[in-house]
Amino acid sequence: MALLLRFVLLCGVADFTRSLSITTPEQMIEKARGETAYLPCKFTLSPEDQGPLDIEWLISPADNQVVDQVIILYSGDKMYDDYYPDLKGRVHFTSNDLKSGDASINVTNLQLSDIGTYQCKVKKAPGVANKKFQLVVLVKPSGTRCYVDGSEEIGNDFKLKCEPKEGSLPLQYEWQKLSDSQKLPTSWLSEMASSIISVKNASSEYSGTYSCTVRNRVGSDQCLLRLNVVPPSNKAGLIAGAIIGILLALVLIGLIIFCCHKKRREEKYEKEVHHDIREDVPPPKSRTSTARSYIGSNHSSLGSMSPSNMEGYSKTQYNQVPSEDFERTPQSPTLPPAKVAAPNLSRMGAVPVMIPAQTKDGSIV
């Protein structure tokens with residue numbers, strides 16, 4: 001009975017080894033972002049596998065619950081790689097002869113979106129086989145910055161910090177002292193593998209250059225820190241200086257505001273005086289015009305006087321004209337008398353007046 005069972009098992013193993021199979025074991029592959037991931041898929045064929053060879057790679061994205069999607073396909077001796085837009089142009093078969101038993105692929109320029117489960121399917125009727133591979137894309141630590149959080153003075157408490165800009169977890173930290181005495185304070189030893197070192201009651205012996213190295217499974221990064229512990233500064237003097245500076249600045253600002261306000265008031269006053277013209281007061285008459293009006297009124301009166309009182313009137317009236325005004329009357333040019341015909345004078349309403357003739361000695365004829 002045992003011999004019969006052994007014969008059946010041996011026959012089953014022989015039949016299994018003769019069928020199509022993928023010899024590469026399932027595995028998880030970790031790579032850094034930007035690198036190339038090699039996904040292996042080696043297979044063997046049996047004499048019974050006579051159908052056309054079809055090779056298919058599928059992906060199940062880690063952040064998506066949709067069904068598996070084809071990313072590259074080999075069928076009918078042709079290759080097709082435009083099924084999955086996110087990987088278009090970044091996935092290729094590694095072998096030029098897929099019939100040789102190598103269906104492995106390369107995924108170039110890895111991105112975080114490439115994380116997921118990849119499946120290799122090989123078909124050659126009647127044989128069918130498939131294997132799954134887990135691809136994990138990690139980010140190397142980079143942009144690491146070391147700095148002191150606090151005042152680097154003797155007796156003070158402060159912190160040494162090491163912070164990478166990016167990097168996939170988990171991250172490991174390692175602090176080292178590079179200059180002077182490389183011996184680290186005993187109180188720091190428990191924190192040498194963390195991102196923060198708490199310094200208590202600092203002393204000048206802590207001064208020196210320190211390095212912090214950050215690591216994860218795909219890479220590392222480092223930064224340097226120069227620690228210089230100095231004696232306490234004169235805080236009272238600094239505070240007094242700051243207060244005096246603030247007061248002086250306030251005084252200066254006040255003077256500037258006062259000067260600007262004063263200048264604006266002066267400009268406003270000048271504009272008001274310049275435009276303040278009293279239009280309701282007529283301009284004063286000149287003495288010349290007064291004298292002319294006075295003489296003109298007397299001349300108009302002479303035309304209506306009789307010969308008997310003309311002499312007395314002329315002496316009296318002309319004596320009343322202020323000598324000062326009369327003397328200042330400007331001399332107008334003498335114009336020849338206009339000749340007007342008698343009929344025209346009558347139409348104009350003129351009244352004929354008889355003026356007696358006089359002799360050379362002034363007597364009336």
Side-chain angles (χ1 to χ4, degrees), residues 33 112 139-216 219-278:
R33 182 179 60 184
L112 296 179
V139 179
K140 294 179 180 180
S142 63
T144 306
R145 185 171 71 100
C146 296
Y147 64 96
V148 179
D149 184 7
S151 178
E152 304 173 45
E153 296 181 353
I154 296 176
N156 281 359
D157 297 342
F158 52 83
K159 295 180 179 180
L160 308 183
K161 292 188 176 183
C162 178
E163 296 179 353
K165 185 177 181 180
E166 59 180 1
S168 299
L169 300 175
L171 295 173
Q172 298 176 348
Y173 298 86
E174 182 182 358
W175 288 87
Q176 290 182 341
K177 190 175 183 182
L178 305 179
S179 63
D180 301 331
S181 174
Q182 296 185 355
K183 184 178 180 180
L184 295 171
T186 306
S187 59
W188 293 15
L189 296 178
S190 61
E191 297 180 327
M192 295 306 294
S194 65
S195 61
I196 300 176
I197 295 179
S198 299
V199 180
K200 304 292 184 181
N201 191 20
S203 67
S204 59
E205 297 178 355
Y206 295 171
S207 298
T209 302
Y210 296 82
S211 71
C212 174
T213 303
V214 187
R215 294 187 179 89
N216 63 8
S220 64
D221 193 28
Q222 187 181 69
C223 63
L224 298 178
L225 171 65
R226 175 63 186 176
L227 180 63
N228 187 23
V229 182
V230 297
S233 59
N234 187 2
K235 295 183 179 180
L238 292 176
I239 295 174
I243 293 175
I244 293 174
I246 294 173
L247 292 177
L248 290 176
L250 292 176
V251 171
L252 180 60
I253 294 172
L255 289 175
I256 293 174
I257 295 174
F258 174 77
C259 292
C260 292
H261 182 66
K262 183 178 179 182
K263 186 176 180 180
R264 289 181 181 176
R265 290 183 60 186
E266 291 177 353
E267 292 177 353
K268 183 178 180 182
Y269 177 75
E270 290 177 359
K271 290 180 180 179
E272 290 178 354
V273 171
H274 181 71
H275 295 288
D276 190 12
I277 300 176
R278 299 179 61 187

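- Residues forming a salt bridge (charged side-chain N to carboxylate O under 4.0 Å, His left out) with Glu152 (at least two apart in sequence, or on another chain): none.
- By the SG-distance test at 2.5 Å, a disulfide connects Cys212 to Cys162.
- Judged as a ring-ring contact (aromatic ring centres under 6.0 Å, His included), and not counting sequence neighbours, Tyr173 has no contacts.
- In this structure Phe158 satisfies the ring-ring contact (aromatic ring centres under 6.0 Å, His included) test with no other residue, sequence neighbours excluded.
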Could you pull out all donor-acceptor pairs under 3.5 Å where a side-chain atom in residues 243-266 meets a protein atom, sequence neighbours excluded?
none

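- Ser220 meets the side-chain hydrogen bond (donor to acceptor under 3.5 Å, both in side chains) test with no other residue; sequence neighbours excluded.
- A donor-acceptor distance shorter than 3.5 angstrom exists from the side chain of Asp221 to the backbone of Gly143, with no hydrogens or angles considered.
- For the salt bridge (charged side-chain N to carboxylate O under 4.0 Å, His left out) test, residues two or more places apart in sequence or in another chain that qualify with Lys161 are Asp149.
- Residues satisfying the side-chain contact (heavy atoms from CB on, under 4.5 Å) test with Asn216, not counting sequence neighbours, are Pro141, Ser168, Leu171, Val218.
- Residues meeting the ring-ring contact (aromatic ring centres under 6.0 Å, His included) test with Trp188, sequence neighbours left out: Tyr206, Tyr210.
- The side-chain contact (heavy atoms from CB on, under 4.5 Å) check on Ser211 picks up Gln176, Leu178, Gln222, Leu224, with sequence neighbours excluded.
- Residues meeting the salt bridge (charged side-chain N to carboxylate O under 4.0 Å, His left out) test with Glu174, sequence neighbours left out: Arg215.
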